[in-house]
Amino acid sequence: MATKISFGTDGWRGILARDFTFDNVALVTRAVADYLHVHHLAGRGVVVGYDNRFLSEQLAATVAGVFTGRGIPVYLTERATPTPVTAFAIKERRAGGAVMLTASHNPPEYNGFKFIPEYAGPALPHITREIEDNIHRLQAAGEHEGGPAEPSGDAAQKIDPRPAYFQHITKLVDLDAIRKARLRIIVDPMYGAGIGYLEDILGGEGIEVEAIHNRRDPLFGGSLPEPTGKSLGELRSLVLEHNAHLGLALDGDADRFGIIDRDGTYIAPNLFLPLLYYHLLQTRGERGPVARTVATTHLLDRLARAFDQEVYETPVGFKYIGQHLLEKNCLLGGEESGGLSIRGHIPEKDGILAGLLAAEMVAARGKSLTDLASEVWSRFGRLYSERLDVHTSAEEKERIQGLLKNFYPPEIGGLKVERRIAVDGTKLVLENGAWVLVRASGTEPLFRIYVEANTEDELRRLQQAARSMLGL
Ligand SMILES: O=P(O)(O)OC[C@H]1O[C@H](O)[C@H](O)[C@@H](O)[C@@H]1O
């Protein structure tokens with residue numbers, strides 16, 4: 001039977017050997033090739049990149065073979081490459097798009113297929129829908145049943161996308177300031193595709209940098225390549241032990257970031273994003289709107305208001321943030337799951353850029369991120385945010401989806417509901433600015449409950465209230 005292949009929040013993911021097979025990857029590539037031909041992009045060629053996972057390189061060779069077999073020139077990266085670097089290579093070569101083989105921060109048994117169109121950011125839904133339609137058409141025609149062997153990736157042109165990316169990133173970040181401030185930095189690429197990026201960019205400028213987990217391990221040392229507070233224990237210990245100024249981590253394909261401050265504090269994206277927007281506005285003196293997802297902190301809105309800038313609120317998924325970076329000339333776009341990009345860069349999230357900007361902020365102000373946070377909170381107030389992930393059965397999922405459609409209570413946790421936003425899940429904004437959002441994840445079989453409140457107590461109260469109202 002044909003596998004059901006669909007593009008979720010960010011590409012198609014599947015379990016290796018079960019549904020993520022060479023045949024299915026070849027089939028999806030054929031669907032992308034058809035898309036490129038129909039849109040007259042095929043002649044510009046396509047970049048193919050891959051992460052450090054099991055079989056990623058071999059799967060990338062299959063992708064390259066299918067494209068070249070269909071007359072599409074291929075630029076195949078000569079080694080594992082971060083997603084943002086693969087995306088940047090599109091721009092540099094004016095290619096018609098890219099395919100990136102990666103399952104990002106998923107468990108080791110997964111792999112994934114991202115199509116990045118010619119604008120060098122994640123594919124928007126109308127594009128993935130068209131590719132899915134092509135897949136279904138090919139499946140209906142029996143093309144999923146093997147067919148003639150695809151040529152290997154030998155016909156592809158091998159590229160090293162690093163030099164051009166390094167050159168570009170050097171223009172976006174003040175590496176000189178980082179060097180002059182004599183920062184000591186520890187980096188953790190989590191065994192992923194980001195190995196050799198932060199450490200080489202910083203080290204190349206004579207900045208003191210040390211790297212851990214910087215060899216390939218498709219099992220990710222027994223944990224997930226997801227740079228959250230929970231998984232960065234070793235980085236935290238080393239930062240403290242070496243008295244470093246920062247610990248900078250990347251996820252499996254280096255599009256997300258994780259930051260440890262000098263005192264070992266994990267700086268969550270919902271805090272880092274406002275700190276960075278403040279840095280761009282206040283310290284760099286730049287101006288421009290900000291784009292955030294519906295699940296991301298409203299502290300960004302407070303900053304935007306104070307500096308007379310606009311805020312764009314999007315559904316979850318960096319594809320929407322990327323679209324705003326492109327179309328609204330935003331200064332910053334970011335999301336709570338750990339993605340950001342800035343004006344002048346590609347509309348794709350980039351963990352390498354995020355880490356370098358963190359170092360620039362610390363260097364420019366001679367303050368730790370925690371001290372910078374105190375400065376921002378004293379000017380704009382503090383907000384407490386947290387996301388809960390709740391697993392449910394398939395029947396439960398349906399019940400909750402049904403409930404959410406009409407979920408508009410007059411109050412939650414004793415606070416009046418002022419506004420309901422339904423761009424993605426259901427978000428209720430309360431009378432004192434606190435808010436609750438409940439939505440089904442597009443990448444995992446669970447619901448996410450996001451709450452932002454003015455105090456820690458209020459946060460817990462709202463979490464409890466939302467859970468009991470929905471039976472979650
Ligand atoms: O909450 P989910 O639908 O699972 O999505 C969580 C995240 O998944 C991927 O990493 C996307 O690239 C992100 O843009 C998104 O925020």
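Just follow the structure's listing: the first ligand is 1, and inside any ligand the first atom is 1. What you see is a predicted model, and the numbers here were worked out from it, not measured in a lab. Here, residue 1 is the first one in the sequence, and each next residue gets the next number.
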Should you measure from each heavy atom of Asp10, which atoms of ligand 1 turn up under 4.0 Å away? 9 (C), 11 (C), 12 (O)

For atom 7 (C) of ligand 1, what's the nearest protein heavy atom and its distance? Arg256 NH2, 3.5 Å

Please check whether Ser441 reaches ligand 1 - meaning an N/O of the residue sits under 3.5 Å from an N/O of the ligand, judged on distance alone. yes

Need the ligand 1 atom indices (1-based, order shown) with element for anything under 4.0 Å from a heavy-atom of Arg439. 1 (O), 2 (P), 3 (O)

With heavy-atom distances below 4.5 Å as the criterion, would you say the side chains of Phe318 and Asp255 are in contact? no

N or O pair under 3.5 Å between Arg13 and ligand 1: no

Minimum non-hydrogen distance to atom 14 (O) of ligand 1, winning option of Arg387, Glu335, Lys349: Glu335

Provide the number and element of each atom of ligand 1 under 4.0 Å from a heavy atom of Arg448. 1 (O), 2 (P), 4 (O)

Atom CZ of Phe307: over 12 foreign heavy atoms under 6.0 Å: yes

Write out the residue and atom name of the closest protein heavy atom to atom 5 (O) of ligand 1, then the distance separating them to 0.1 Å. Thr9 CG2, 3.6 Å

Surrounding CD of Gln58 (heavy atoms of other residues, nucleotides or ligands, distance under 6.0 Å), is the total greater than 12? yes

Electrostatic pair Arg292:Glu336 at N-O distance under 4.0 angstrom: no

Salt bridge or not between Glu313 and Lys427? Use side-chain N to carboxylate O under 4.0 Å. yes

Using non-hydrogen atoms of the residue, decide whether Lys319 is closer than 4.0 angstrom to ligand 1. no

Tell me, yes or no, whether the heavy-atom count around Arg419 atom CZ, taken from other residues, nucleotides or ligands under 6.0 Å, exceeds 12. no

Ring-plane angle category for Tyr197 and Phe166, please: parallel below 30°, perpendicular beyond 60°, tilted otherwise. perpendicular

Salt bridge present between Arg460 and Glu456 (N-O < 4.0 angstrom): yes

Below 4.0 Å from ligand 1: does a non-hydrogen atom of Gly317 turn up there or not? yes

Could you check atom 16 (O) of ligand 1 against the protein and tell me its nearest heavy-atom contact, residue, atom and distance included? Ser337 OG, 2.8 Å

Any chance CD of Glu396 has more than 12 other-residue heavy atoms, nucleotides or ligands included, within less than 6.0 Å? yes

Report yes if Phe318 has an N/O atom closer than 3.5 Å to an N/O atom of ligand 1; otherwise report no. yes

Say whether Gly442, considering both its backbone and side-chain N or O atoms, lies within less than 3.5 Å of an N or O atom on ligand 1. yes

